[in-house]
Amino acid sequence: MSVTSIIQSAVIKGLEQLFQKTFTSKDFQINETKPEFEGDYTVVLFTLLKPLKQSPDQLGNTLGNYLLDQQPGLFSAYNVIKGFLNLTISDQYWTDILDQNFENNIYGKKESNGKRIVVEYSSPNTNKPLHLGHLRNNFLGWSIAEILRAEGYKVIKTCISNDRGIHICKSMVAWQQFANGATPESTGIKGDHFVGDYYVMFGEVHKKEIISLTEKGMSKEEAEKEAPIMKAAQQMLIDWEAGKPEVMDLWKTMNSWVYSGFDTTYKRIGSDFDKLYYESDTYLLGKKLVEDGLKKGIFFTKPDSSVWIDLTADGLDEKIVQRKDGTAVYITQDIGLAVNKYDEFKYDQSIYVVGDEQNYHFKVLKLICKKLGLPSSDGIYHLSYGMVELPTGRMKTREGTVVDADDIMDEMINVAAAKTAELGKVKDFTDLELKELYDIIGLGALKFFILRVDPKKRMVFNPEESIDFHGFTASFVQFSHARAKAILRNEDADSSYIYKATTSLLPLEKALLIMLERYPLIITLAATDHNPSLLVTYGYELAKTFNSFVTEHRVLKAESEDKKQLRLRICRMTANVLASGLALLGIKAPERM
RNA sequence: GGUCCGGUAGCUCAGUUGGAUAGAGCAUCAGCCUUCUAAGCUGAGGGUCAUUGGUUCGAAUCCAAUCCGGAUCACCA
């Protein structure tokens, strides 16, 4: 149990004993005491004054006295300032936490709670390579899954490949018309980039055709639809849904190129999946569900034979679920997928890590599933995250302002390598060890930078300024970990050591123990809020406190054997927690750097 | 236009269900490596929490209005 909940229960019990009144944890607040006051945790008394008809001083002193009297092992002092009751927790309590957990490698992780959560993330389109936005998705999804796992959930990571549809046909058409049989092998271009180039080419050709058509007097909207290359893509989609062999062959070939490129990138960033879904499989079930819904009268057909659902009564609009030519739209396959996932995993919750531009889409999806009476609907949760923008604004493919995932990773790793060489602290590393270290530092910096922002908020990524290894960065946390490990390499904490006397804790020692005690709670908060940034902030603050501690106090040459052992244990536990917290973010902690 | 989200230091971001004098990092300035890793530590300057009104013991936080920015309302995904 966390120290805050222990204090909470103690206060509730105290108020009951002293005033014969029952309160709950919601009736008052417990905060960490501000540094400028004496104490560790603070009970905010204001909300209790009226019901108890007490003055702040009266209540504070009565309660403070009571707590100290009842639990001398827990509380060692108190003071009352205005309406704040500042409690000092006894040093013994903190050192007990340390002694019980300094060797515990799974500290902070919870027992299984028997609940299942499906986390869908990454979900790429197979027509272009990953960019910065996808990285935020991958880092977030992977981290959330790991955090929930640590919190005791059975987590299934899934990925849906948006491997079919008009957008896929676009790159296929462009390749067919302009590639002259070129392949990733023949050109030496990574598969996903290769296919992406044809997607871009489609856009360019399309644009030219529109211009030439509008010059002949056609309206812009009409020209967009009537452009020959667009007609070819639409026809290809119809052929694809009909299973035309040559189209299927081309589709399979081009997708395989993309997947081989993705595999490389996924391996590098550490994304992994327990179950892969393909839109090409789920869209048929979706279409079947549309058919069922039509029979049940949940959907309706328009005169041109397109199928719709009317959600105006729920404050939304009419939404198309099937085109007039009978082909599936984006949401069709998502309905099928929701059913697939539920059938296979009987989940308690199904999380979709998808950008906030699709908030409306997921509202509609959940509502449609509900109206269809699918059991999968209740658990649907859209983990919506903000877009990644550049200082110049939103990334735009057409303007060539997209930051490619592979490029930015290369750059981070290169700068990490240069910085490491400049510092010259690992000259004895082999080439292989060095390469691994550069990856750990470069990718760590990138993940940390992206995960430190609250997922819900959009963020600005400045490619130049973001490449930093000082301050609020992964390197800072990794460095602190390596520093602790360096000390422990000289002399490890002695598991069997028993303190000779009760030592009083110095401020920085105590500050570290208070922070270490909070770690399990931080995981819970991050899991509940689906927010890895809480762990980022926590890791940084722990590292920062540790650095001050190491600068201020000697460990190996401590004042006494008791102090030395205490500090070695602090080093050990801090290193554990730093590495563990980073691991939940997908960041490795090197032994040396 | 409807709906939803956001606006905190020059820049990038924190700020638990309302609590004490609003915090970090970067950038700027001043110190600290014969001592367990200086990717570090210590300190300084920097704020009308978009604006106005309201709720109350108390508001960056809750409510309303206004201004600014973004997303969405596609037979794109």
Side-chain angles (χ1 to χ4, degrees), chain A residues 25-26 29 31-34 36-37 42 44-47 49-50 56 81-84 86 123 125 127 162 165-168 170 225 234 279 302 304 306-308 315-325 327 329-331 333-334 355-361 363 384 386-387 389 391 393-394 416 419-420 422-423 425-426 441 445 449 452-454 456-462 465-466 468-480 482-491 525 529 533-534 536-537 540-541 543-544 547-548 550-557 567 571 592-593:
Chain A
S25 57
K26 284 180 189 159
Q29 239 178 77
N31 298 335
E32 287 174 87
T33 305
K34 300 244 167 199
E36 53 267 37
F37 301 98
T42 297
V44 184
L45 302 171
F46 297 105
T47 49
L49 300 178
K50 238 180 218 169
I81 296 168
K82 297 201 274 179
F84 300 94
N86 300 320
S123 305
N125 291 334
N127 61 350
N162 297 115
I166 189 75
H167 57 301
I168 305 298
K170 287 179 183 176
K225 287 180 197 159
Q234 281 161 353
E279 184 182 341
K302 287 202 176 180
D304 66 359
S306 57
V307 182
W308 297 72
L316 305 177
D317 306 271
E318 284 187 353
K319 184 83 188 171
I320 189 162
V321 292
Q322 191 166 296
R323 293 192 188 94
K324 66 179 174 197
D325 62 7
T327 55
V329 292
Y330 178 50
I331 202 156
Q333 61 97 10
D334 261 332
D356 62 8
E357 58 193 351
Q358 295 194 39
N359 286 352
Y360 182 76
H361 171 78
K363 256 189 206 169
S384 160
M387 296 289 104
E389 287 173 16
R394 223 181 154 186
K419 183 75 187 172
T420 305
E422 182 193 320
L423 291 171
K425 290 193 271 191
V426 287
I441 295 173
F449 186 86
R452 63 176 204 165
V453 180
D454 185 329
K456 292 189 289 293
K457 296 190 179 175
R458 64 168 182 268
M459 62 176 292
V460 176
F461 185 94
N462 185 331
E465 287 175 16
S466 301
D468 197 355
F469 300 97
H470 299 276
F472 189 7
T473 62
S475 320
F476 180 94
V477 183
Q478 289 167 326
F479 168 76
S480 312
R483 223 175 170 182
K485 283 306 181 87
I487 295 171
L488 294 165
R489 268 195 298 277
N490 286 306
E491 185 175 340
L525 291 174
D529 199 28
S533 79
L534 299 177
V536 173
T537 310
Y540 169 69
E541 276 165 6
K544 191 179 151 96
N547 277 326
S548 299
V550 169
T551 308
E552 189 80 15
H553 305 297
R554 309 272 78 198
V555 175
L556 298 174
K557 291 177 188 165
R567 288 176 191 166
C571 286
R592 290 175 56 195
M593 64 186 283

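The figures that follow rest on heavy atoms only: side chains count, while hydrogens, waters and symmetry mates do not. Lettering follows sequence order; numbering is per chain, from 1.
In this pair, A:Phe476 and A:Tyr540 present their aromatic rings tilted. The plane angle is within the 30 to 60° band.
Judged by closest nucleotide on RNA chain B, A:Glu541 is the one of A:Glu541 and A:Glu318 placed further toward the 5' end. When each of A:Arg452 and A:Asn31 is assigned the nucleotide of RNA chain B bearing its nearest heavy atom, the one mapping closer to the 5' terminus is A:Arg452.
With centres under 5.5 Å and a plane angle under 30° as the test, the ring of A:Tyr540 is not stacked against the base of B:rA24. Here A:Phe46 lies parallel enough and close enough to stack on the base of B:rG19, with planes under 30° and ring centres under 5.5 Å apart.
In this structure, A:Phe461 reaches neither bases nor backbone, as no heavy-atom distance under 4.0 Å exists between it and the strands shown. Base engagement by A:Val555 is indicated by at least one non-hydrogen atom pair under 4.0 Å involving a base atom. Counting non-hydrogen atoms under 4.0 angstrom, A:Met459 reaches the backbone sugars and phosphates but no base. Contact annotation for A:Tyr330: base contact, defined as any heavy-atom pair under 4.0 Å involving a base atom. Counting non-hydrogen atoms under 4.0 angstrom, A:Asn86 reaches a base of the nucleic acid. A:Ser384 comes within 4.0 angstrom of no nucleic acid atom, judged by non-hydrogen atoms across all strands. Residue contacts shown for A:Glu491 are absent, as no nucleic acid heavy atom lies under 4.0 Å away. Nucleic acid contact for A:Leu488: none, since no nucleic acid atom lies under 4.0 Å from a heavy atom of the residue. Nucleic acid contact for A:Glu552: none, since no nucleic acid atom lies under 4.0 Å from a heavy atom of the residue. Residue A:Lys485 is classed as having no contact, given no heavy-atom separation below 4.0 Å to the nucleic acid. Among the protein residues, A:Arg592 comes within range of the nucleic acid bases, having at least one heavy atom under 4.0 Å from a base atom. Within the 4.0 angstrom heavy-atom criterion, base atoms lie near A:Leu423. Among the atoms of the strands shown, base atoms are found under 4.0 Å from some heavy atom of A:Phe84. Contacts of A:Asn490 with the nucleic acid, taken as non-hydrogen atoms under 4.0 Å apart, involve only primed sugar atoms and P, OP1 or OP2.
In this entry B:rU3 has B:rA71 as its Watson-Crick or G-U wobble partner, both defining distances falling under 3.5 Å. Taking a pair to require two hydrogen-bonding distances under 3.5 Å in either a Watson-Crick or a G-U wobble arrangement, B:rA65 pairs with B:rU51. The partner of B:rA14 is absent, by the rule that a Watson-Crick or G-U pair needs both atom distances under 3.5 Å.
Side-chain N/O atoms of A:Arg394 include one lying less than 4.0 angstrom from OP1 or OP2 on B:rA71. When the side-chain nitrogen and oxygen atoms of A:His361 are compared with OP1 and OP2 of B:rA77, none of them lie within a distance under 4.0 Å. Distances shown here put a side-chain N or O of A:Lys544 below 4.0 Å from the OP1 or OP2 atom of B:rG25. Residue A:Arg483 places at least one side-chain N or O under 4.0 Å from the OP1 or OP2 atom of B:rA38. Regarding contacts with the backbone of B:rU42, a side-chain N or O of A:Ser548 is found under 4.0 angstrom from either OP1 or OP2. Residue A:Arg323 places at least one side-chain N or O closer than 4.0 Å to OP1 or OP2 of B:rC76. Here A:Lys457 reaches the OP1 or OP2 of B:rA14: one of its side-chain N or O atoms lies under 4.0 Å away.
As rounded to the nearest Å, B:rG53 and B:rA59 have P atoms that lie 14 Å from one another. Taking the P atom of each, B:rC63 and B:rC29 are spaced 44 Å apart, rounded to whole Å. The same atom, P, is picked in B:rU37 and in B:rU28; the two are 29 Å apart, to the nearest Å. Taking atom P on both B:rU52 and B:rU61, the two are 13 Å apart, rounded to the nearest angstrom. The gap from the C1' atom of B:rA74 to that of B:rG69 amounts to 24 Å, rounded to the nearest Å. Taking atom P in both B:rC11 and B:rU48, one finds a spacing of 12 Å when rounded to whole Å.
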Practice prompt. For A:Phe461 and A:Phe449, run ring-ring contact (aromatic ring centres under 6.0 Å, His included): C-alpha distance rounded to whole Å, both residues' side-chain angles, the deciding distance at 0.1 Å, then the answer.
Written response: CA-CA 9 Å; A:Phe461 185 94; A:Phe449 186 86; 5.4 Å; yes

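B:rC33 shows a glycosidic angle within 90° of 0 and is accordingly assigned syn.
The side chain of A:Ser475 approaches B:rA39 more closely than any other nucleotide in the set B:rC26, B:rA39, B:rA74. Distances were taken from every side-chain heavy atom of A:Leu534 (C-beta onward) to each of B:rG15, B:rG40, B:rC36; the shortest belongs to B:rG15. Among the nucleotides B:rA71, B:rC57, B:rC36, the one closest to any side-chain atom of A:Lys50 is B:rC57.
Under the 4.0 Å criterion applied to side-chain N and carboxylate O atoms, A:Arg458 and A:Glu357 are not assigned as salt-bridge partners. Residues A:Arg323 and A:Asp325 are not paired through a salt bridge, judged by the lack of any N-O separation under 4.0 Å between the basic side chain and the carboxylate.
Between A:Phe46 and A:Phe84, the gap from one ring centroid to the other is short of 6.0 Å.
The neighbour count for A:Lys324 NZ, taken as heavy atoms of other residues, nucleotides or ligands under 6.0 Å away, does not exceed 12.
Here the options are A:Gln358, A:His167, A:Glu279, the test is side-chain hydrogen bond (donor to acceptor under 3.5 Å, both in side chains), and the partner is A:Tyr330; only A:Gln358 passes.
Of all the heavy atoms in A:Ala484 and A:Cys571, the pair that sits closest is CB-O, 3.9 Å.
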